[in-house]
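Read through the structure below, which is laid out as structure tokens, and then see the notes.
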Protein chains: 2
Amino acid sequence: MMRADAVRNRRLLMDAAAAEFAENGMDVSITRIATRAGIGKGTVFRHFDTKEQLLAEIFSDRLEELVTAGLRLAESDDPAGALFEFMTIGTEIQARDRSFCQAAAALSRSESAVHTSRERLADVAETLVANAQRAGAIRDDITGLDIVLLLSAASQAVLSISEDAPGLWRRYLAMVFDGLRTRSAHPLPVPAPTRAQFTG
Amino acid sequence: MMRADAVRNRRLLMDAAAAEFAENGMDVSITRIATRAGIGKGTVFRHFDTKEQLLAEIFSDRLEELVTAGLRLAESDDPAGALFEFMTIGTEIQARDRSFCQAAAALSRSESAVHTSRERLADVAETLVANAQRAGAIRDDITGLDIVLLLSAASQAVLSISEDAPGLWRRYLAMVFDGLRTRSAHPLPVPAPTRAQFTG
DNA sequence: GGACAACCGGACCGCTCGGTCATGTTCTGA
DNA sequence: TCAGAACATGACCGAGCGGTCCGGTTGTCC
């Protein structure tokens, strides 16, 4: 059982780290995070052996947040709308968090918590896609992994001007989604990625 | 007039820096670049006052490469095909170069050479879009700036698995392009970015 | 061929980073 | 209430960074 002050400090730390990572990317220093949390630097390393572990925990939380939303949307009776909202939520998370994409590239292979969250995300995306395809709204030649990868497309497109144009990602997400519709479909030049490629 | 050895070393330096930045992103150390070029670290700072300047020069070269291709394609008699090839070239450059997107976000405002190259890129994209729209192939509610921003979408989408799946970006570029076609058009929720937002 | 400017190189500087550790403090259970 | 375990802290460490500088080297021009 953790002591009460340890629980409180861990909470402060997680919040501060999440905020710093979101605002400034995953290269913010531990010192800065500790200061923002109002705790000492050493305390950070009491809760997490390494900076990478801290980042992984936060990143994995974000992924689970999206998984949860996806599971709820999978029950919707408007499959196309559900898929679109899933993509909206996922893109918004990334648009708000500068560390998200960096974290995805940096530690998807090393941290097992992240690994399983990514699997769960792929699963729920697969369900949402299958539902939308069954309803005839979405082209048949795309997969759940396609959707997961496309989650970063719109937010990254606007990354260089995101401060001056918040919300612009919605414009490109709409364009991307237009490309996913059944009647937009043209043959794709490359097969979908395999689960093994995604998993790493 | 530069001395012959200085010219040769500058060439070696540029090539090595471009390769390192492309392979490892813009955070590679000057020491590493110098070693790869087979020159001393001090020599790097003889040619460029700061690391940022070196990065800017290379980044701006890449942009001009794309501008040149765009100008050629603007003369094509297949406007839709020209736009698609423009996007293909731009996306491929980014897919091959890990520093590209970082550089775009980091120094588009500070370095004037980059600034003007970005303007030229926006101009040529505007022309290509206008041509394709006049031909009726591309939806009317998008702009050249949209295209420039979308250049990063596909390459960034696959960034986390790009080593395991080279060329996968072509799949998502095709999807994005499908979303740009006239008959895919659904109303967009957000207006296009202004030139001022893009310029910074 | 010689003089001199241009150029090269790597030891060096100040700084920041992630991570450690000894010391002092605070909570908790009996 | 109090012993002792759990926890917090910030000075400290080695490594690596961008950038500087000066003694030695090399190309160039008369």
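Just so you know, these numbers come straight off a predicted model, no measurement behind them. Chain A is the first sequence line, chain B the second, and so forth, proteins listed ahead of strands; every chain is numbered from 1.
Nucleic acid contact for V28(A): sugar-phosphate only, since backbone atoms but no base atoms lie under 4.0 Å from a heavy atom of the residue. Using a 4.0 Å heavy-atom distance criterion, S29(A) is classed as a sugar-phosphate-only contact. Residue V7(A) is out of contact with every strand shown, counting any heavy-atom pair closer than 4.0 Å.
One donor-acceptor pair, N or O on each side, does fall under 3.5 Å between the base of dG18(C) and the side chain of K41(A).
Between the CZ atom of R8(B) and the C1' atom of dG9(C) there is a distance of 14 Å, rounded to whole Å. In this structure, N9(A) atom CG and dC27(C) atom P are separated by 10 Å, rounded to whole Å. Taking atom CZ of F45(B) as the reference point, atom P of dG19(D) lies 5 Å away to the nearest angstrom. Between the CZ atom of R46(B) and the C1' atom of dG10(C) there is a distance of 14 Å, given to the nearest Å. Nucleotide dG19(C) holds its C1' atom 11 Å from the CG atom of D49(A), rounded to whole Å. The distance between atom CE of M1(B) and atom P of dC7(C), rounded to the nearest whole Å, is 11 Å. Atom-to-atom, CG of L13(B) to P of dC7(C) comes out at 14 Å; the value is rounded to the nearest Å. Rounded to whole Å, the distance from CZ on R10(A) to P on dA6(D) is 17 Å.
For the pair T43(A) and T31(B), both in contact range of DNA chain D, the more 5′-proximal nearest nucleotide belongs to T43(A). When each of M26(B) and M2(B) is assigned the nucleotide of DNA chain D with its nearest heavy atom, M26(B) is the one assigned upstream, toward the 5' end. Between K51(A) and R3(A), the residue anchored closer to the 5' end of DNA chain C is K51(A), taking for each the nucleotide with the nearest heavy atom.
The side-chain heavy atoms of Q133(A) and I142(A), taken from C-beta on, include a pair separated by under 4.5 Å. Within the 4.5 Å cutoff, the side chain of R11(A) has heavy atoms near those of the D15(A) side chain.
At dC7(D), none of the side-chain N or O atoms of H47(A) fall inside 4.0 Å of OP1 or OP2 (strictly under the cut-off).
Look at E23(A) and R32(A) and you find no salt bridge, because none of the NZ, NE, NH1 or NH2 atoms lies under 4.0 Å from a carboxylate O. Ion pairing between D123(A) and R195(A) holds under the 4.0 Å rule for side-chain N and carboxylate O.
Nearest heavy-atom pair, F45(B) versus K51(B), reported as atom, atom and distance to 0.1 Å: CE2-N, 4.4 Å.
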